[in-house]
Amino acid sequence: MTNATDPDKPAEGAGESLDFIRTIVTDDVKAGKNAGRVQTRFPPEPNGYLHIGHAKSICLNFGIAKQFGGKCNLRFDDTNPTKEDVEYVDSIKEDIRWLGFDWDDREFYASDYFEQLYEWAEHLIKTGKAYVDSLEADKMREYRGTLTEPGKPSPDRDRPPQESLDLFRRMRAGEFPDGALVLRAKVDLASPNFNMRDPILYRIRRAHHHRTGDKWLIYPMYDWAHGQSDAIEGITHSICTLEFENHRPLYDWFLDNIPAPCHPQQIEFARLNLTYTMMSKRKLLRLVQDGYVSSWDDPRMPTLSGLRRRGYTAAAIREFADRIGVAKRDSIVDVALLEHCVRDDLNASAPRVMAVLRPLKVVLENYPEGQVEHFELPAHPDNPEMNMRKIPFSRVLYIEHDDFMEDPPKKFFRLAPGREVRLRGGYFIKCNSVVKDPVTGEILELRCSYDPATRGGVAPDGRKVKVTIHWVSADHAIEAEVRLYDRLFSDPDPGADREGVDWTSLINPNSLEVLKGCKLEHTAAGAEPESRWQFERIGYFCADRRDSKPGALVFNRTVSLKEDNWRKG
RNA sequence: UGGGGUGUAGGUCAAGGGUAGACCGGCGGACUUUGGCUCCGCAUGCUGGUGGUUCGAAUCCACCCGCCCCAGCCA
């Protein structure tokens, strides 16, 4: 008996476990709800840049739509002109496209619906379910009651519909100053859910809106705009984060009290938290404004533009979103999983190149001066389709400073006085002596000898070396700047509010180290901005899409290679 | 103190009445011209607690406890 012939099995994802949202959608489709149609939406407010947490939502919404043969709209929730800006809508669109999703022509704005929203508001007034209130903000807070006491009615609560209607129209016409009046729904002042204690639908705000300009003087609140926008677009499943769970009764109440074209179902899931970073838009904004980072797309930022600039691939982020799952409990995902996803992707695709970040000069005493030979190495160890690279070799080389130790500990297998190692793709070399600065004791260069019989890296006599190190020919190397990025925070959960701790004190002071004069294999000379490479034995690097230029290359470390912990033992 | 949620390996997430799995991480080993990759193996869980129903409970019921969200004219 196979699933394929069993009508009771879900059409999608059969055999695999579904997250709770896909389970709901599957059941709805099976039950013929919405005529089997699935329509989702991703509804960002254009008041900041998208971050990895948004990526989870984007992948979920676009992913579900695709999986069930539906569509996902992009809708900007632009109901608060004082905080929103076109700069953000542009960046949001760019980031979603980069992530690999397409909304075709379904680019919507809550502000597109202001007129319809206004009409429905009048409908609520006419049916006695909304009223214009003149209570000041402070008073209104007082009247709203507390967790244990019910709210009490505003003196305006029983204003006749006709009077409210008149006032509301005059609010729109601009007859009152900002904040003088609001439109409130008449729901239930005694509800233990504050959202139901006569929520505000409209406030007066003389603010220039990035799309509607100065047309409107009154703007709808989130609660009044969101569900109605969903209904207008025919959304079937309105997926949002947990903090809106308390809003669901209101979401439903509005839809039940207007002639809505349909009634979407709101479903809430837990937003993403990641270790060693934070998602708070407010705090992210402060990192930028106070100069802790250079910009929204600083490679240390958890923004999509930051991750992109750091060298993360869209595929890696999508894979990550798949792996973290979807649930309702608050959690914090280990950033190591994200790093695993990029390594996995980049390991398969990034061409290899040798790069010496902290050069240590090596002179091969027995190699003829002026001689140059070339070795061939594959650009990728297990992808023969990628070309071979020809690497020049000569008497003076650079190796990584870390690959030499004068007095090595037990588990250090690299170069040391009297010790032999293999130069990747080249010869075995042995360290004969160390040249030091007589004053400082600093190691200036290594005098070594090579074994001509080991060309290509194998010894005819069968002797082995413990390790292979990377190198670059001094005369043939190109130079580059390399930016070593590390986690922005030194605390695993910097977003958690702890009393007495200012979150900015948790910023990792060593989150960026800039290395100049790094020596790279010439193969990397043509590195295009945003091209990704593996610097062998070091990590994955991406040519900075803003600062890297031909002849003045700048690479960002995306993530290091996983390292055997020889230092620990 | 009111309401709404949520508690399963170190971390995320599965199992939905038949005695707990995957991935990441950790540890160990094999392989290796990247201390990478790959491959093998190991470990940790009284499934928040206590009672109850049942032949049998992580799954059902009751009570309790922890954590998160809610008193913006923010979203």
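Throughout, protein chains are lettered first and strands after them, A, B, ... in sequence-line order, and every chain is numbered starting at 1.
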Undergrad: Looking for any heavy atom pair under 4.0 Å, which part of the strands does Phe412(A) touch: base, sugar-phosphate only, or nothing?
TA: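 Base, at least one base atom sits under 4.0 Å.
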Undergrad: Under 4.0 angstrom, heavy atoms only, what part of the nucleic acid is Leu337(A) near: base, sugar-phosphate, or nothing?
TA: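 Since only primed, P, OP1 and OP2 atoms lie under 4.0 Å of Leu337(A), the category is sugar-phosphate.
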Undergrad: From the set rG36(B), rG2(B), rA75(B), return the single nucleotide nearest to any side-chain atom of Asp77(A).
TA: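 It is rA75(B).
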Undergrad: Taking rC23(B) as the reference, what is the distance to rC39(B) when you measure between their P atoms (whole Å, please)?
TA: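 Pairwise P distance, rC39(B) against rC23(B), rounds to 11 Å.
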Undergrad: Out of rC73(B), rU12(B), rC23(B), which nucleotide sits closest to the side chain of Met140(A)?
TA: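 Of the candidates, rC73(B) comes closest.
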Undergrad: Which of the following nucleotides, rU12(B), rC70(B), rC37(B), is nearest to the side chain of Ile324(A)?
TA: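 Of all the options, the side chain of Ile324(A) is nearest to rU12(B).
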Undergrad: Distance check needed: rC68(B) P versus Asp497(A) CG, whole Å only.
TA: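 Distance check: Asp497(A) CG to rC68(B) P gives 10 Å.
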Undergrad: Measure the distance from CG on Leu50(A) to C1' on rA75(B) and round it to the nearest whole Å.
TA: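 Distance, rounded to whole Å: 14 Å.
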Undergrad: Can you tell me which nucleotide in rA14(B), rC73(B), rA71(B) comes closest to the side chain of Asp19(A)?
TA: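 Of all the options, the side chain of Asp19(A) is nearest to rA14(B).
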Undergrad: Ser17(A) has a side chain; which of rA15(B), rU12(B), rU34(B) sits nearest to it?
TA: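 Output: rA15(B).
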Undergrad: Does Arg329(A) get its side chain close enough to the base of rU8(B), under 3.5 Å, for a donor-acceptor pair?
TA: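 Such a pair is found, so the answer is yes.
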Undergrad: Between rA30(B) and rU44(B), how far is it from one P atom to the other, in whole Å?
TA: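 Looking at atom P only, rA30(B) and rU44(B) are 23 Å apart.
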Undergrad: Should rC13(B) form a Watson-Crick or G-U wobble pair with both distances under 3.5 Å, which nucleotide is its partner?
TA: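 For rC13(B), the partner nucleotide comes out as rG21(B), under the 3.5 Å rule.
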Undergrad: Give Thr79(A) one of three labels, base, sugar-phosphate or nothing, depending on what nucleic acid heavy atoms sit under 4.0 Å from its own.
TA: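 Answer is sugar-phosphate: Thr79(A) comes under 4.0 Å of backbone atoms only.
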Undergrad: Using a distance-only test with no angle check, is there a side-chain donor-acceptor pair under 3.5 angstrom linking Glu45(A) and Asn47(A)?
TA: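 Glu45(A) vs Asn47(A): donor-acceptor pair found between side chains.
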Undergrad: Could you work out which one of rG2(B), rU34(B), rC74(B) sits closest to the side chain of Glu536(A)?
TA: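 Among rG2(B), rU34(B), rC74(B), the one nearest the side chain of Glu536(A) is rU34(B).
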Undergrad: Students often get this wrong, so: under 4.0 angstrom with heavy atoms, is His470(A) touching a base, only sugar-phosphate, or nothing?
TA: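 The residue His470(A) makes no contact with any strand.
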Undergrad: Using a cut-off of 4.0 Å on non-hydrogen atoms, how would the nucleic acid contact of Arg144(A) be classed: base, sugar-phosphate, or nothing?
TA: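 It contacts sugar-phosphate atoms only.
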Undergrad: Taking the minimum atom-to-atom distance to the side chain of Glu563(A), which one of rA71(B), rC24(B), rG35(B) wins?
TA: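 Per side-chain heavy atoms of Glu563(A), the pick is rG35(B).
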Undergrad: Touch check for Phe244(A), heavy atoms < 4.0 angstrom, all strands: base, sugar-phosphate only, or nothing?
TA: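 Touches a base.
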Undergrad: Would you mind telling me which of rC23(B), rU34(B), rC74(B) lies closest to the side-chain atoms of Arg323(A)?
TA: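 So the nucleotide nearest the side chain must be rC23(B).
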Undergrad: One thing to verify: whether Glu373(A) and Arg455(A) come together as a salt bridge, which I'm taking to mean a side-chain N less than 4.0 angstrom from a carboxylate O.
TA: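 Yes, this pair counts.
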Undergrad: Using heavy atoms to find the nearest nucleotide of RNA chain B for Thr148(A) and Tyr202(A) separately, return the residue whose nucleotide is more 5′.
TA: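 The answer here is Thr148(A).
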Undergrad: Under 4.0 angstrom, heavy atoms only, what part of the nucleic acid is Pro381(A) near: base, sugar-phosphate, or nothing?
TA: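 Base: the residue Pro381(A), judged by heavy atoms under 4.0 Å, touches a nucleobase.
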Undergrad: Examine Arg184(A) relative to Tyr131(A) and say whether NZ or CZ is less than 6.0 Å from the centre of the six-membered ring and inside a 45° cone about the ring axis.
TA: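 Because its charged atom misses either the 6.0 Å distance or the 45° angle limit, Arg184(A) does not stack over Tyr131(A).
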Undergrad: Regarding Glu268(A), tell me which of base, sugar-phosphate or nothing describes its non-hydrogen contacts under 4.0 Å with the strands shown.
TA: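 Nothing: the residue Glu268(A), judged by heavy atoms under 4.0 Å, touches no strand.
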Undergrad: How is Arg414(A) classified with respect to the nucleic acid when contacts are heavy atoms under 4.0 Å: base, sugar-phosphate, or nothing?
TA: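 Here Arg414(A) touches the bases of the nucleic acid.
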Undergrad: Does Arg197(A) place a side-chain N or O at less than 4.0 Å from the phosphate oxygens OP1/OP2 of rA71(B)?
TA: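 So the side-chain polar atoms of Arg197(A) never come under 4.0 Å of the phosphate oxygens OP1 or OP2 of rA71(B).
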Undergrad: Round to a whole Å and report the spacing from CG of Leu274(A) to P of rC13(B).
TA: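 Atom CG in Leu274(A) sits about 12 Å away from atom P in rC13(B).
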Undergrad: Is there a donor on the side chain of Asn246(A) or the base of rG3(B) sitting less than 3.5 Å from an acceptor on the other?
TA: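 Result: at least one qualifying N/O pair found.
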Undergrad: Take the angle between the ring planes of Phe535(A) and Phe541(A) and call it parallel below 30°, perpendicular above 60°, tilted in between.
TA: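 Aromatic pair Phe535(A)/Phe541(A) classed parallel.
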Undergrad: Nearest-Å distance, CZ (Arg22(A)) to C1' (rC13(B))?
TA: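 Spelled out: CZ on Arg22(A) to C1' on rC13(B) is 13 Å.
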Undergrad: Without hydrogens or angle criteria, can the side chains of Thr468(A) and Arg422(A) be said to hold a donor-acceptor pair below 3.5 Å?
TA: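 Distance-only check passes for Thr468(A) and Arg422(A).
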Undergrad: Would you kindly give the CG-to-P distance between Leu250(A) and rC70(B), to the nearest whole Å?
TA: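 From Leu250(A) CG to rC70(B) P: 16 Å.
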Undergrad: For Ile332(A) and Asn193(A), find the nucleotide of RNA chain B closest to each by heavy atoms; which residue's nucleotide sits nearer the 5' end?
TA: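 Its nearest nucleotide being more 5', the pick is Asn193(A).
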Undergrad: Measuring only the C1' atom in each nucleotide, how far is rG36(B) from rG10(B)? A whole number of Å is fine.
TA: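 Between the two C1' atoms, the distance is 25 Å.
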Undergrad: Whether Arg197(A) engages the ring of Phe194(A) as a cation-pi pair (distance to the six-membered ring centre under 6.0 angstrom, angle to the ring normal within 45°) should be assessed.
TA: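 The answer is yes; both the distance and angle limits are met.
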Undergrad: On a whole-Å scale, what distance lies between the P atoms belonging to rC24(B) and rU32(B)?
TA: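 Those two atoms are separated by 24 Å.
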Undergrad: If I take atom CD in residue Glu400(A) and atom C1' in nucleotide rU34(B), what distance separates them, rounded to the nearest angstrom?
TA: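 Nearest whole value for this atom pair: 13 Å.
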Undergrad: From rC13(B), rC70(B), rC37(B), pick the nucleotide closest to the side chain of Lys562(A)?
TA: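 Ranking rC13(B), rC70(B), rC37(B) by closest atom to the Lys562(A) side chain puts rC37(B) first.
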Undergrad: Taking 4.0 angstrom as the limit, do Glu175(A) and Arg170(A) come out as a salt bridge?
TA: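 Result for this pair is yes, salt bridge flagged.
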Undergrad: Taking atom C1' in both rU47(B) and rA22(B), compute the distance separating them and give it to the nearest angstrom.
TA: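 It comes out at 16 Å once rounded to the nearest Å.
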Undergrad: Looking for any heavy atom pair under 4.0 Å, which part of the strands does Val465(A) touch: base, sugar-phosphate only, or nothing?
TA: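 Val465(A): no heavy atom of the nucleic acid under 4.0 Å.
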Undergrad: If the C1' atom of rG2(B) is compared with that of rG16(B), how far apart are they to the nearest Å?
TA: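 Rounded to whole Å, the distance is 32 Å.
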Undergrad: Is Asn195(A) side chain donor-acceptor paired with the rC70(B) base, going by distance under 3.5 Å alone?
TA: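 Under the 3.5 Å cut-off, the side chain and the base do not form any donor-acceptor pair.
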Undergrad: Of the options rA75(B), rG36(B), rC24(B), whose atoms approach the side-chain atoms of His340(A) most closely?
TA: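 Nearest to the side-chain atoms of His340(A), counting from C-beta on, is rC24(B).
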Undergrad: Please find the pair of heavy atoms, one from Ile538(A) and one from Ala355(A), that lie closest to each other, and give the distance.
TA: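 Minimum heavy-atom contact is CD1-O, 3.3 Å.
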Undergrad: Using a heavy-atom cut-off of under 4.0 Å over every strand shown, decide if Asp334(A) touches base, sugar-phosphate, or nothing.
TA: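 Counting heavy atoms under 4.0 Å across all strands, the contact made by Asp334(A) is with sugar-phosphate only.
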Undergrad: With a 3.5 angstrom cut-off on both distances, give the Watson-Crick or G-U wobble partner of rC42(B), or none if there isn't one.
TA: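 Check on rC42(B): paired to rG26(B), both distances under 3.5 Å.
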Undergrad: Is there a donor in the side chain of Gln534(A) and an acceptor in the side chain of Glu536(A), or the other way round, less than 3.5 Å apart?
TA: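 The criterion, which ignores hydrogens and geometry beyond distance, is not satisfied for Glu536(A) and Gln534(A).
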Undergrad: Considering only the P atoms, how many Å lie between rA20(B) and rA62(B), rounded to the nearest integer?
TA: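 Looking at atom P only, rA20(B) and rA62(B) are 27 Å apart.
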Undergrad: Using a cut-off of 4.0 Å on non-hydrogen atoms, how would the nucleic acid contact of Ala327(A) be classed: base, sugar-phosphate, or nothing?
TA: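 Sugar-phosphate contact only - Ala327(A) comes under 4.0 Å of backbone atoms but never of a base.
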Undergrad: Can you tell me the base-pairing partner of rA62(B)? Count Watson-Crick or G-U wobble geometry only, both distances below 3.5 Å, and say none if there is no partner.
TA: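 Check on rA62(B): paired to rU50(B), both distances under 3.5 Å.
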Undergrad: For the P atoms, the ones on rG28(B) and on rC69(B), what distance do you get once it is rounded to whole angstrom?
TA: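 So the two P atoms sit 39 Å from each other.
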Undergrad: Write down the partner of rC67(B) under the Watson-Crick or G-U wobble criteria, each distance required to be under 3.5 Å.
TA: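 Checking every strand shown, rC67(B) finds its partner in rG5(B), with both distances under 3.5 Å.
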Undergrad: When we call it a touch if two heavy atoms are under 4.0 Å apart, what does Leu181(A) touch: a base, just sugar-phosphate, or nothing?
TA: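 Here Leu181(A) touches no strand at all.
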Undergrad: Touch check for Met354(A), heavy atoms < 4.0 angstrom, all strands: base, sugar-phosphate only, or nothing?
TA: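 Nothing, no nucleic acid heavy atom in range.
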Undergrad: Give a yes/no verdict on a cation-pi contact between Arg557(A) and Tyr540(A), requiring under 6.0 Å between NZ or CZ and the six-membered ring centre and an angle within 45° of the axis.
TA: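 Verdict for Tyr540(A): no cation-pi partner in Arg557(A).
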